[in-house]
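Heads up, the thing below is written out as structure tokens.
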Amino acid sequence: MDTQRETLARGVVAVMYATREGQTAKIAARVADDLRAHGCAVELRNLRDGDFDIGGAAAVVLAASVHLGHHEKEMVRFTREEREALARRPTLFLSVSLSQAGAEMRDRPDELRAKASEEVHEVAERFFAATGFRPGHFLPVAGALAYRHYNWLVRFIMKKIAAAEGASTDTTREHEYTDWAALDAEAARFADEITQSA
Ligand SMILES: Cc1cc2nc3c(=O)[nH]c(=O)nc-3n(C[C@H](O)[C@H](O)[C@H](O)COP(=O)(O)O)c2cc1C
């Protein structure tokens, strides 16, 4: 891993992400493309690739997935270190999880959807408490089941979790629950906010 500290260029929208199985990388890349389509200069960075200083970035998008009730530790560390700089800019935090998929499934009973949504917010509150940072905007995003990417033990555990969340237990393929239209809409709204505050 490159441990050199990189300072992001002045005026850009920094899209910083942390992922384990790749879905959050796709989500961050989609938001970066959306922001560019709305006229923003964007820098997209995986927090695993180095050490970053948000420098003169005009705004910041943070995207991290959830594993075992916590966001990725590199995102916790980065956000804690940069919390004062983040607090001075427009920010959007994307929390990627399977619980959010459970919260969005229209064919599930209301109480199960509400419970899944509560979990999403509990995990987010844990992140805010651990980092001392509260984003300007928070969007929970449904992730994916990357069954073919998991080892047999993780596949077994995820099948159980998926069943509890009303998600697919067909382990022969991947299942994507991300609502791309909702993500595009939030990116467009954020681009407007940045443009107006510039
Ligand atoms: C080992 C493991 C643990 C997970 N734990 C949780 C969890 O506690 N809560 C949740 O909502 N989703 C959980 N998930 C689902 C992930 O958040 C989901 O698959 C997400 O899309 C992963 O994003 P990534 O591919 O960017 O890492 C877990 C997934 C795995 C493989």
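- Taken from CZ in Phe133 to CZ in Phe93, the straight-line distance is 8.5 Å, to the nearest 0.5 Å.
- Residues Ile27 and Trp180 form a side-chain contact, since some pair of their non-hydrogen atoms from C-beta on lies under 4.5 Å apart.
- Using modelled atom types, one side-chain atom of Arg83 and one backbone atom of Arg80 make a donor-acceptor pair closer than 3.5 Å.
- Nearest heavy-atom pair across Gly166 and Met105 is O-SD, 3.1 Å.
- Shown are Glu82, Arg88, Glu81; of these, the side-chain contact (heavy atoms from CB on, under 4.5 Å) with Ile54 is made only by Glu82.
- Interatomic distance, Glu118 CD to His121 NE2, rounded to the nearest 0.5 Å: 10.0 Å.
- Salt bridge Glu111/Lys115: absent, no basic N to carboxylate O contact under 4.0 Å.
- When the side chains of ILVMFWY residues are joined at heavy-atom separations under 4.5 Å, either directly or via intervening members, Phe78 and Tyr17 end up in two distinct hydrophobic clusters.
- The main-chain N or O of Gly102 is found under 3.5 Å from a side-chain atom of Arg108 such that the two form a donor-acceptor pair.
- Under the 4.5 Å side-chain heavy-atom criterion for grouping Ile, Leu, Val, Met, Phe, Trp and Tyr, Val61 is not connected to Leu86 through any hydrophobic cluster.
- A donor-acceptor contact shorter than 3.5 Å links the side chain of Thr91 to the backbone of Gly136.
- With values rounded to the nearest 0.5 angstrom, Asp170 atom CG is found 8.5 Å from Lys159 atom NZ.
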For this session: Verify side chain to side chain contact (heavy atoms under 4.5 Å, CB included) between Lys160 and Phe156, making sure each step is shown before the conclusion.
Result: CA-CA 7 Å; Lys160 298 234 172 255; Phe156 176 79; 3.7 Å; yes
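- Rounding to the nearest 0.5 Å gives a distance of 10.5 Å between CZ of Arg148 and OG1 of Thr171.
- Note: the hydrophobic cluster containing Ile194 also contains Val15 (ILVMFWY, side chain heavy atoms under 4.5 Å, direct or indirect links).
- Between His175 and Tyr177, the ring-plane angle classifies as parallel under the 30° and 60° cut-offs.
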For this session: Please test Leu145 against Tyr150 for side chain to side chain contact (heavy atoms under 4.5 Å, CB included), starting from the C-alpha separation and ending with a verdict.
Result: CA-CA 9 Å; Leu145 281 167; Tyr150 307 147; 4.2 Å; yes
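- The backbone N or O of Ala57 lies less than 3.5 Å from a partner atom in the side chain of Arg89, making a donor-acceptor pair.
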Exercise. Which is it for Thr19 and Glu72 under the side chain to side chain donor-acceptor pair (under 3.5 Å) test, yes or no, and what are the steps along the way?
Worked result: CA-CA 7 Å; Thr19 184; Glu72 313 310 345; over 6 Å; no
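- In this structure, the ring of Phe190 has its center no less than 6.0 angstrom from the ring center of His38.
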Exercise. Could you go step by step and tell me if Leu98 and Met158 meet the side chain to side chain contact (heavy atoms under 4.5 Å, CB included) rule?
Worked result: CA-CA 10 Å; Leu98 196 62; Met158 289 313 291; 4.1 Å; yes
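- With Lys26 as the fixed residue, the salt bridge (charged side-chain N to carboxylate O under 4.0 Å, His left out) test singles out one of Glu176, Glu174, Glu21: Glu176.
- Among Leu44, Val12, Val42, the one residue that satisfies the side-chain contact (heavy atoms from CB on, under 4.5 Å) test with Leu35 is Val42.
- Atom CG of Leu62 and atom CG of Leu94 lie 8.0 Å apart (nearest 0.5 Å).
- Heavy-atom minimum distance, Ala64 versus Thr24: N-CG2, 3.8 Å.
- Smallest separation of non-hydrogen atoms from Ala58 and Gly11: CB-O, 3.6 Å.
- Considering all non-hydrogen atoms of both residues, Glu104 and Ala142 come closest at OE1-CB, 3.8 Å.
- Contact of the Gln100 side chain with the Val141 side chain is not registered, since no non-hydrogen atoms from C-beta on lie closer than 4.5 Å.
- The distance from atom CE of Met75 to atom CZ of Arg48, rounded to the nearest 0.5 Å, is 12.5 Å.
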Exercise. Can Val76 and Phe127 be said to form a side chain to side chain contact (heavy atoms under 4.5 Å, CB included), step by step?
Worked result: CA-CA 7 Å; Val76 174; Phe127 176 80; 3.9 Å; yes
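- Under the side-chain hydrogen bond (donor to acceptor under 3.5 Å, both in side chains) criterion, Thr178 pairs with Gln23, sequence neighbours left out.
- With hydrogens and angles ignored, the 3.5 Å screen pairs no side-chain donor or acceptor of Ser117 with any backbone N or O of Arg113.
- In terms of heavy-atom proximity, Ala103 sits nearest to Ala116 at N-CB, 3.6 Å.
- When the shell of 6.0 Å around CZ of Phe128 is examined, it contains more than 12 heavy atoms from other residues, nucleotides or ligands.
- Between the Arg126 side chain and the Gly69 main chain, a donor and an acceptor come within less than 3.5 Å of each other.
- For Arg30 and Asp33, the salt-bridge test fails: no basic side-chain N is under 4.0 Å from an acidic carboxylate O.
- Electrostatic pairing of Glu186 and Arg189 counts as a salt bridge here, judged by a charged N lying under 4.0 Å from a carboxylate O.
- A salt bridge links Arg134 with Glu125: the closest approach of a Lys/Arg side-chain nitrogen to an acidic carboxylate oxygen falls below 4.0 angstrom.
- When all heavy atoms of Ala14 and Leu8 are compared, the closest pair comes out as CB-CD1, 3.5 Å.
- Clustering ILVMFWY residues whenever any of their side-chain heavy atoms sit less than 4.5 angstrom apart, transitively, puts Leu139 in the very cluster that holds Val13.
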